[in-house]
Amino acid sequence: MASPLTRPAAAASSTATGEPPTVAGRRTQRVRRPGRRAWYGWLFAAPALLFYAVFVLRPLFLTIQFSLYKWNGIGPSTWVGLSNYGKIFSDPDLYVTILHAFELIIYFSLVPVVLGLVVASAIRRISQSRMAVVSRTVLFLPQVIPLVAAGITWTWLFSTTGLVNQLLSAIGLRGVTRAWLGDFDTALPAVGVIGAWVQIGLCTLLLLAGMSKIDPALYESARMDGAGPVREFRSITVPALRQEIGVCVTVTVISALASFDIIYISTQGGPGNSTMVPGLEIFYLAFSDRQVGVASALAVALMVLVLVVILPIQWLTREQS
């Protein structure tokens, strides 16, 4: 058995001969350079990247290309440059769809986020009771139900003989009853109510998850200083949910600007064009009117519009260092 005094000499001799040094009679492994086999990670990501390139990037570039041509989808195409984009803002029937989408932001985004904050704050106060579990389940149900089924159900509820009009008649408001989705003045707000009903559950759960990370000691300190529930909500809860509110606003705004399925099922853009939105207009232009170039230009404009609206929201709600 070698003495401890001979081990450094053995290590030095092994280094001189080019062999790895030994520690306590065992050969140590050489440290490999980090990143030498980093391409393994790209190999695992390659299928997802390929899928994204084929089904997302390629259609995006083709849409931009089609927007510069006049094409019916079958015959030869004609180069028209940016005239399709000019038609979007010169044709009232096209740019009014963008105004409708902005109006839907009030119902799809503002209402669910505000109500989600209030409801989540109320559920947090009873988080230990069974009622909290039941409330979360009931509120999240609209996210589980297919939007097509939700649109059909709400179409029945808003019909002339639907449940909404029956309840109004029962409380003596028969004069207010109408075909809510068939009236020019109420069709778009009625569609907005459907969107708010769908989005409120998601916003509530996201905000409730964010509230769980807030230190309870902050609320205890606020109560010791005499703060009431409203002051706690305004000074502690809302500032701590900056990122969660940003996620909710981002998701719901995109849902409002790119809305299609609920409106297609409930009103199909009617009556007239009172509920026509860009997503539905793109569908009609491309597959009914055979104006693929104009439809593609409207799709590109909608994508730019979403980015213009979303990026400032992300910047305002990002976490401050």
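No option in Asn84, Ile64, Ile88, Leu60 other than Ile64 meets the side chain to side chain contact (heavy atoms under 4.5 Å, CB included) test with Val300.
Under the 3.5 Å distance criterion, with hydrogens and angles disregarded, a donor-acceptor pair is assigned to the side chains of Ser109 and Thr252. Thr250 and Gln314 are linked by a side-chain donor-acceptor pair at a separation below 3.5 angstrom, with hydrogens and angles left out of the test. For the residue pair Gln243 and Thr317, no side-chain donor N or O sits within less than 3.5 Å of a side-chain acceptor on the partner. For the 3.5 Å distance criterion, the side chains of Tyr219 and Thr237 qualify, holding a donor opposite an acceptor. With hydrogens and angles left out, the side-chain atoms of Thr63 and Ser296 include no donor and acceptor closer than 3.5 Å.
For Tyr284, there are no side chain to side chain donor-acceptor pair (under 3.5 Å) partners, not counting sequence neighbours. For Tyr264, the ring pair (Phe, Tyr, Trp, His ring centres under 6.0 Å) partners at least two apart in sequence or on another chain are Phe260, Phe283. Take Tyr107 and apply the ring pair (Phe, Tyr, Trp, His ring centres under 6.0 Å) test, not counting sequence neighbours, and it matches no residue. Remark: Trp197 engages Trp154 in a ring pair (Phe, Tyr, Trp, His ring centres under 6.0 Å) (not counting sequence neighbours). For the ring pair (Phe, Tyr, Trp, His ring centres under 6.0 Å) test, residues two or more places apart in sequence or in another chain that qualify with Trp79 are Tyr69.
Taking every heavy atom of both residues into account, Leu280 and Gln268 meet most closely at CD2-C, 3.5 Å.
Membership of the apolar cluster around Phe61 extends to Tyr52, Val56, Leu57, as traced through chained side-chain contacts below 4.5 Å between ILVMFWY residues. Within the hydrophobic cluster formed by Ile, Leu, Val, Met, Phe, Trp and Tyr side chains joined at under 4.5 Å, directly or through other members, Leu49 is accompanied by Trp42. Hydrophobic cluster of Leu50: the remaining members, joined at side-chain heavy-atom separations below 4.5 Å, are Phe51, Val54, Phe55, listed by chain and number.
When side chains are defined from C-beta on, Leu208 counts as touching Arg136, because their heavy atoms get closer than 4.5 Å. You'll find the side chain of Leu202 stays beyond 4.5 Å of the side chain of Cys248, heavy atoms only. Using a 4.5 Å heavy-atom threshold, the side chains of Leu104 and Ile263 count as touching. Contact check for Thr177 versus Ser169: side-chain heavy atoms found under the 4.5 Å cut-off. A heavy-atom distance below 4.5 Å is found between the side chains of Gln199 and Gln143. Using a 4.5 Å heavy-atom cutoff, the side chains of Leu68 and Tyr85 are in contact. Looking at heavy atoms from C-beta onward, Leu241 lies in side-chain contact with Leu117 at the 4.5 angstrom threshold. By the 4.5 Å heavy-atom criterion applied to side chains, Ile265 and Ile152 are counted as neighbours.
The ring pair (Phe, Tyr, Trp, His ring centres under 6.0 Å) analysis of residues 231-251, with sequence neighbours excluded, yields no pairs. Listed by first and then second residue, the salt bridge (charged side-chain N to carboxylate O under 4.0 Å, His left out) pairs involving residues 98-114 amount to none (not counting sequence neighbours). Residue pairs meeting the salt bridge (charged side-chain N to carboxylate O under 4.0 Å, His left out) criterion with at least one member in residues 77-99, sequence neighbours excluded, do not occur. Listed by first and then second residue, the salt bridge (charged side-chain N to carboxylate O under 4.0 Å, His left out) pairs that reach into residues 200-225 are Lys213-Glu244, Arg223-Glu232, sequence neighbours excluded.
Note that OG1 of Thr97 and CG of Leu94 are 6.0 Å apart. Values are rounded to the nearest 0.5 Å.
Stacking of Arg178 on the aromatic ring of Phe158 is not recorded, the 6.0 Å distance cut-off and the 45° axial limit not both being met.
Atom CZ of Arg130 sits in a sparse spot, with 12 or fewer heavy atoms from other residues, nucleotides or ligands closer than 6.0 Å.
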